[in-house]
Each structure stands twice: as structure tokens, then as C-alpha cells.
Amino acid sequence: MTSSEHPGSDQAPVRLLLIDGHAMAFRAFFALPADGFTDGRGQSTNAVYGFARMLFNVVASERPTHVAVAFDMAGGTFRDRIYDQYKAGRDETPAQFIGQIALIQKTLDALGVTWLEVPDFEADDIIATLATRMRTREQEALIVSSDRDAIQLVGPGVTLLQPVKGVTEMRRMDPAAVEEKYQVTPEHYPDLAALVGESADNLPGVPGVGPKTAAKWIGKYGDLESLLEHAEEITGKAGQSLRDHVEDVRRNRVMNAAVTDLELPDDEVVFTLGRGDRAAVHDVFDDLAFGATIRRDLPAVFLPEGEDGTDAAADEQAAELPEITRPEGKDLAAALRGPFADGAALAIDGTWELGLGEARRIALSTESALAVIDLERLDTDGERALAAWLSDASVRKDAHDAKLAVHELSARGLDVEGWGTDLSLAEFLCRPDQRPTDLAGLAMRHLQEELEAEQAAPQQTLDLEGDDGAADESLARAADAVRRLVPLLRTDLEEHEATALHDDLELPLATVLGEMEAVGIQVEDEVLADLDAEHERRQTEVAEAAFSEIDGERINLGSPKQLQEVLYERLGMPKGRRTKTGYSTNAETLTDLFEKTQHPFLAHLLAHRDVTKMRQIIETLRRFIAEDGRIHTTFHQNIAATGRLSSNNPNLQNIPMRTEDGRRIRSAFVVSEGYEQLLTADYSQIEMRIMAHLSEDEGLIEAFRSGEDLHRFVASRVFDVAPEDVSAAMRSKTKAVSYGLAYGLSAFGLARQLHISQAEATGLRDGYFERFGGVRDFLRESVEQARSTGYTETILGRRRYLPDLTSDNRQRRENAERVALNSPIQGSAADIIKLAMLRVAADLREAGLRSRVLLQVHDELVLEIAPGELEQVRDLVVTGMGDAYEISVPLEVGVGVGRTWLDAAH
DNA sequence: CAAGCGATCAT
DNA sequence: ACATGATCGCTTGT
């Protein structure tokens, strides 16, 4: 309890939040699209949504003890009687805004927030009265209003939050901030405003006098009254203008004076928080068709105490590490039959770099025991015991990164079965848009909280990666951290309905990927060396040719900055698209420029770009060829938020394919000794097939069942001609629309891509949607549903959370909408090929075949075929991929075979 | 030396 | 202003 410093205020400190209801509702209305937020019965709810979010935000961040919302009343105010032009000339209320104020008030009722309106007065007067009351009582008031009349209320204990952008970004105005911004104190702000005028209220000020002059005058004469008394002294145009408009100024000053003595409730209870009713809020939100996102953000302070009580779960477990044992040999066998018999969390101190396993030790942790095992000092008995334990599927093992562990252990001939939980995968499934480092940090904070709850937080930071000969204790603590985090992540998985995805898809896949990485793919360095040498020659040639076109000056062709100088300054070419830092020099721009100017420099520059890119790719690949003559990429399961894999060190998922020259790189990827062929198998148009499945569009489904070429079929419908009469142009345009749709392509973007007018692009899209309405409905509903639930979902229930779908920032919101369109499609394709990989790997193993999967490239698998196994493997792969998951159209799989990756293309 | 940017490769 | 990635070289900031 803090004792009061002044008499008469023996009550607890009050922090009253005052909101200008109409002003904020209007702001919300214009910050969010009215068409994007409706209750399903034609009533727009964007203002209600934005208002609620603003309220939740401010309450959560400012922690007021009391709240009141003030509204203007219909029917005018006393100010209209003083000045009949007050607020004249305002635009009519938008039709979609109508009714939303009543809905906001309904929401406030459910939240137990008092709202006020007083006949004949404005919201500002209500706020002024209450703010003044708080100020006299030396309590705090916090005003949220975009109306400038609120500025005069700022003072000791009274702060104004002015919305800056949208409804969530606020600027804090205390007396100092007001003075800083307007050069007058808050109480003199109405004086300034009277001189300057307020166009929003149709109150013209003194012509030729702006805030600078007004502030100067007020500073000189003290206040408006003294200024007007000395009006004769002021020289110049402004002085005359002032004398000519004294009447206006006096009127303005009367109009903008806030009324501070309204009769308003003054009951302790009236404005207190905590009187909301969760059920009522949900009813109102149901009625408004609000989704889960905003419900989650409802601050608990609105509800009665105890209803949202979160105190629970005191941990009985001590934070002290169990004694670390270092079992060796026969001891190990005993230990593994003892406390570790049911499973353990596992940590490893190695790294997977260029295919070299470097693990020296592993740490195992259970609730009661902890062991660090030195792999290099194990004797035969110990190794045998460890191998048996690791490969016993009935013993559950958890790890931060199971794939990494697989590498380190299998490099020493130890195979692992019976994985339980992989923290990195669990974290990713729950929060796919977070970077792994952030997730690790998040996990660490969870852990820290738990340890603090146990009041025995260790001082050391935990290093889940393990590293450079760190002490046994560090490794042991990492294993202990895994152990402690597993139950938390299991709960997390349940909450995100991702348990099955983790247990039955991602974690088993990790082992498969680990094997693929370890095997790698054979690369012929000589082929790459020749290719590099050839491109080096061509690079010199085109560079010289380019220089000769610009007076022989040897600029750096790789420097966008220097290129801009040459192209747009020296050669005076027309400036096209802009980038953040200047004018674009990308291939599209350069090609356009070439068409316009025919300047040979541009052609040479483009050629230089191509060969440079080629060399870059070739040299990168060569650097990654390991001792064994193979490239071992790393596949990541926790990077691409849609659920795709990513590949790095090097990236083998973006080896050139589009151009003839680029494809030659693929001829360096070859079948290795002891194997017969490379086989590639890819899904044909899997994303469009998923679109057909998810949208249930009959036309699209028929397209795939007909066996006709997809784009030809679709084009024949769109352009209303027989399939055989579809021209190449029709087909390629239709194809662009088909693929663009899944990416949220706009008419603008389509026009740019196809070099057609925006009108033609719009027509194309409309024509498409006319014939394939199911697709349009599906896309629209995807976004709508995601906005409501807060996430998108794939066919396997993989979620992606998209809070930006309700952002008041248009760019962010529209980006989230495109993501919402694309994620279920791209993500479902990722799900399907992952299922296929598990199946193919399992089938190969069960059939006792030596052939193996080497790479995955989103919709394609690359396998290495052992002698004599081609037919069997081909069937197995085609079936495995084709039947991986049943959707309403067939999943077609194309197969190619050859000595090199290029030859295996089909 | 790191970080941001622009460009370009893949599906 | 069309989704998901990786990588490189240049430029700029620490």
C-alpha cells in the first residue's frame, strides 16, 4: 500500500482511460477495408473490429484501472446554435459506417465498459469534464483521441494518445511534447487554434497566419486576450489580417473551449474494469463473425477476477542437475538398463559440416539421472550397450535436433530408432513463421521461467548446439534443457493440433533426410571445371564488348550504382522502375530499355549477367564437393513457413533448368559407382491439382480427369473455343492466370507479366473466374476463414498463423492475404511429397533394395538406381508418389532416367 | 566485419 | 504490385 501524499485522496491510485468513441471508430473505419470485415449479413464490422483492437491494445499496454468511452450524440450541440456553419461541409457518413457505432456500444456493454453521451454536448466535452476531474484529484487520465480539441486538456497527470497511423500506433503527448510540437503550452493551444482555424470544424482562422506565427504572438503577449488587446501594435500583412478577423478568432475561441463542468456519474464503480462477461463478449463477437484472433487478445482485466486466473501448476521438481555420471563399458550397459530404460533426452556436442561427423560425446538426461558418454573412450561392451539402447525403438529419445544427432551417431555406426520429440520441429510446427533462432530463444525463456518458478535458476546459459569442447556440464545442461522442454512442447503441439504432424510426418522424415544428406550426390568436378573455364572466356568477351560501347570505360558491371550512373546519367536512358535506393537495373528493365533504345551496351550487359551468374553457381557447387566426390546438401524442415523443405550449403533446389546453357550444370550431377542410373520423378501440376481438390471446382476437376492438357483445356473454356483451336498465346495467358491465382496475383501484376494492358488482364481474370467460379469462391473463402480463425491449414492440418490479416496497414494486410491464398496450396503440396518420401523410403527398405533417394526439389525426387532395380524402383516410386494422399483428382507422376541429372529430366 | 539491398536461380 | 526459398557481390554503417 502506498500512502497518499495529499489529504482527501485516500483511495487507491486511479488511472482513467478516456476514449473519443466517434473519432476512433472513424479512424478504424478508414484503416481497415469495409468489404473485408462483415458479419455475413451485409453489415460491415471493420470499425467495430478496429475499435476493439485499439481498445485491447491500449488497455494491455497502458494498464488503466478505469475506462470510459465518450460518444457524440445525434441532433447537434450548443455549438451549432452559436455558429450555424459549425462542422459544415463535411462529407456524408459512408453507408458502410452506419450502424457500427451501435455495435461498438454493444461490444462495450459486453466488456463492462461504461460509455457516455450527453445531449447537446460533444464527446470532447465529456472527456474534458472527466479529465479535469482527475486532474483536480491528482489522479491520472489517459485520453485517446484524434481530435485536436483534446490537446488543451493535457497537463500534470493528463496524457493524450494521438493515433499516428491506423488505430494501433499512438503518439504520447504530455505537456512537454505539446510544447515541443506546437511551441505553446497545452492550455494555450486553443488560443493558437483559434488564430489558425480548424478546417475539420469549418472554423476559418486568420488568413496568412499559421501555427508558427500564432505561436510567436502567443509567446510574446502571453495569451490570446492580451494579443487581441495589442492587435494594433502588430505590423505587416499578418497584423492587418488579424485586425480584420478578430471576430472570427473570438468565435473560434468560444467554439473550441472544452466544457469541463458536465454532470457526469462520479461513482467509483462506474468506470472500473473487470465487469465484463466473457460469454456476452463471445455472443457479441459471434454475432459480428469475429474470429479467434481478437478473442485471444481480449485482456483479462476486462473480466471479473478469478475468471481468467492463470495461477496453477507449481512444480515439484528441483532444478538442480542430478549428479552427472560418466558410465563406460559395462557400467554403461547397467546404466542404460536403469534410469534410462524408458527413454531420455539426448544432446550431442558435434556439428554437421560438409558431411563430417564430429561428435565426441553425447549426454543423456532423465528426470532422475544424467549421463555424459564419451564416444571415443567407449570400450566394446559399452559401445555394444549404447548401440542396443539407441536402436531400441521402445526406448524413447528426445533431442533438440534429431537429424543432427542422427548424423553424428551414424557417422560412428550408431543407428537410432524410437525418436520421441524433436524440439526444433515441434517449435516450428507451432510457430512456422518464426526463425529457428527466435524459437530457441523462446524455448529458453520458457525454460528460464520454469527454473525461476523453482527458484533455483542456474547461472550458466544453456547451449543447445553444444560446441568447441565445452565442459561436460554444458552438454549435460543441454540434455537437461531438452528434457525439461519436451513436456512444454508436447502441450504446445496439442494446442496447435500438430502432434500427428510431428510424430508421424516430420520426425520420421528427419531420419530420411538425414540419410539423403549423408549419401549426397556424385558430382563430376571436371565437367564443372570445363564449364567454368568456358564461361570465364565468355565473361571476358562480353565485358570487353560492353566496355567498348561506353567509351572503353571499365566500370564494375556488377555494381548497380555504377550502372545507374552510366545508363541514366551518361547515356541518358529513360528511367524506369524504382528501387528503394535508385532506379532498377534488373533484367526486365534492361530488356525494356533495349527494346526502346537498341543500345548494344544493354545486350552485352545482360549477357554478362548471365555468364556471371553461371560462374557463380558453378564455383559455389565446386566449393561444396566433399572428399568423397559428392555434394552433401542440408535440408531444413523448419525454415519455409508453408512446410516446404529448404536446402543450403549448397542449395540444390535451385540448379538452373530454364535455359539450355543453365541446364548443362545438371550434367555434372551423375550416377555414382556401383549404381546404374539417376531417376527423377516429379508431380505434374501438383499445385493446380490441389487447387482443384480444395476448391471442388467442377470445371477444374474435369480438366484433370479428362486427360487433356490442363492449360489447353482451361484456355478453351476461358476463351470459349474448341481445345484444338486454342492458340499458343491463349494457352500461355491462361497458364499465367492459373499459376498467378495461387499467388494472389493482381490484375496489375498479370498485366506486367504478360505485357498486356491492365484492362485486358482484368478481363482475362474475370473470364477465368466466370468459368471457374469454384476457384474464385475457394480463394475468397480461404482468406475469410483465415481471418476468422487466425490461421490457414493444409490438407494435413499444418497451420500458419497470419495475424496481419487484420492489420490496419494495407501493405501488410494485402501481403497476408496473398500468403493466405498460397499457403494451403503450397503447404499441401509439401505435405503430399513428404508423405511420398516416407513411403518410398519405407518401401525401398522393405523390398531390400539398394536404390536410394538423393534429393527432393519441392515436387520432384531424385533417386540413384542400383543395378537391376530400375523397373521395380520406378513402379515403387510412381505408386508411392501417386498414392501418397488421395485427392479428388489423380496425382500424376512423370519419370525420367539417365546417367546424369540432365539426362534424367523428362 | 556485419547487415541491407538488388539481382537471379529454382518450384 | 506474385508465394516459398538461397546465394552472391556491392554498398553502407559500426
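Sequence lines set the chain letters: A, B, ... in the order given, protein chains first and strands last, and positions in each chain run from 1.
- If you measure from atom CG of Asp610(A) to atom C1' of dT8(B), you get 10 Å, rounded to the nearest angstrom.
- Leu754(A) approaches Leu764(A) most closely through the heavy-atom pair CD1-CD2, 4.0 Å.
- Here Ala742(A) lies out of heavy-atom contact (under 4.0 Å) with every strand.
- Atom C1' of nucleotide dC2(C) and atom NZ of Lys733(A) are separated by 19 Å, given to the nearest angstrom.
- In this structure, Phe547(A) has its ring center at least 6.0 angstrom away from the ring center of His604(A).
- dG4(B) sits 23 Å from dC2(C) when the C1' atoms are compared, rounded to a whole Å.
- Relative to the side chain of Arg644(A), the nucleotides dC10(C), dT4(C), dA6(C) differ in distance, and dT4(C) lies closest.
- Considering only side-chain N and O atoms, Thr581(A) lies nowhere under 4.0 angstrom from the phosphate OP1 or OP2 of dC5(B).
- At the heavy-atom level, Leu745(A) lies under 4.0 Å from base atoms of the strands shown.
- The distance from atom CG of Asn556(A) to atom C1' of dA7(B) is 14 Å, rounded to the nearest whole Å.
- Applying the 3.5 Å distance criterion, the base of dC2(C) shares a donor-acceptor pair with the side chain of Gln753(A).
- Nearest-nucleotide mapping onto DNA chain C: of Ser823(A) and Gln811(A), the residue sitting toward the 5' end is Gln811(A).
- Note on Ser647(A): only backbone sugar-phosphate atoms sit closer than 4.0 angstrom, heavy atoms only; bases stay farther off.
- When the nearest nucleotides of DNA chain C are assigned to Lys613(A) and Asp433(A) by heavy-atom distance, the more 5′-ward of the two goes with Asp433(A).
- Each of Thr585(A), Asn586(A), Asp592(A), Thr591(A) was scored for a side chain to side chain donor-acceptor pair (under 3.5 Å) with Thr589(A), with one residue passing: Asn586(A).
- Closest to the side chain of Lys580(A), from the set dT4(C), dC5(B), dT7(C), is dC5(B).
- Ala587(A) comes within 4.0 angstrom of sugar-phosphate atoms only, judged by non-hydrogen atoms across all strands, and of no base.
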For a side chain to side chain donor-acceptor pair (under 3.5 Å) check, start with the C-alpha distance between Arg812(A) and Asn815(A), then their side-chain angles and the critical distance, and finish with the verdict.
CA-CA 5 Å; Arg812(A) 291 176 75 101; Asn815(A) 194 49; over 6 Å; no
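- In this structure, the nucleotide among dC10(C), dA6(C), dT11(B) sitting nearest to the side chain of Asn651(A) is dA6(C).
- The distance between atom CG of Asn586(A) and atom P of dA7(B), rounded to the nearest whole Å, is 5 Å.
- Heavy atoms of Gly740(A) sit nowhere under 4.0 angstrom from any nucleic acid atom.
- Among the atoms of the strands shown, none is found under 4.0 Å from any heavy atom of Leu821(A).
- If you take CZ of Phe748(A) and P of dA1(C), they are 10 Å apart, rounded to a whole angstrom.
- Counting non-hydrogen atoms under 4.0 angstrom, Asp682(A) reaches nothing in the nucleic acid.
- Here Ser559(A) reaches the OP1 or OP2 of dT11(C): one of its side-chain N or O atoms lies under 4.0 Å away.
- Scanning atom types as modelled, no donor and acceptor separated by under 3.5 angstrom connect the side chain of Lys561(A) and the base of dT11(C).
- Arg577(A) comes within contact range of no nucleotide atom at all, as no heavy-atom separation falls under 4.0 Å.
- Taking every side-chain heavy atom of Ala640(A) into account, dT4(C) is the closest of dT11(B), dC10(C), dT4(C).
- If you check dT4(C), dG5(C), dA7(B) against the side chain of Val819(A), the one that comes closest is dT4(C).
- With respect to Glu506(A) and Arg798(A), a salt bridge is recorded, a charged nitrogen being found less than 4.0 Å from a carboxylate O.
- Among the nucleotides dT11(C), dC8(C), dA6(C), the one closest to the side chain of Gln616(A) is dC8(C).
- Proximity of the aromatic rings of Tyr739(A) and His711(A) is defined here by a centroid distance below 6.0 angstrom, and this criterion is met.
- Remark: side-chain polar atoms of Arg577(A) are not paired, donor with acceptor, to backbone N or O of Tyr583(A) under 3.5 angstrom.
- Counting non-hydrogen atoms under 4.0 angstrom, Asn822(A) reaches the backbone sugars and phosphates but no base.
- Distances shown here put every side-chain N or O of Asn654(A) at or beyond 4.0 Å from the OP1 or OP2 atom of dT4(C).
- For Arg666(A), the side-chain atoms get nearest to dA10(B) when compared with the rest of dC9(B), dA10(B), dT4(C).
- Nucleotide dT11(C) holds its P atom 11 Å from the CD1 atom of Ile555(A), rounded to whole Å.
- Between Phe635(A) atom CZ and dA10(B) atom P there is a gap of 17 Å when expressed in whole angstrom units.
- Going from atom CZ of Arg818(A) over to atom C1' of dA1(C) covers 7 Å, rounded to whole Å.
- The aromatic rings of His599(A) and Phe601(A) lie perpendicular to each other, with more than 60° between the two planes, well past the 30° mark.
- Neither OP1 nor OP2 of dG6(B) sits under 4.0 Å from any side-chain N or O of Arg578(A).
- Between the side chain of Arg609(A) and the base of dT8(B), no donor-acceptor pair of N or O atoms lies under 3.5 Å.
- Between dT4(C) and Arg800(A), a contact under 4.0 Å exists linking OP1 or OP2 to a side-chain N or O.
- Look at Thr620(A) and you'll find a side-chain N or O under 4.0 angstrom from OP1 or OP2 of dC8(C).
- Residue contacts shown for Ser584(A) are limited to sugar-phosphate atoms, with no base heavy atom under 4.0 Å away.
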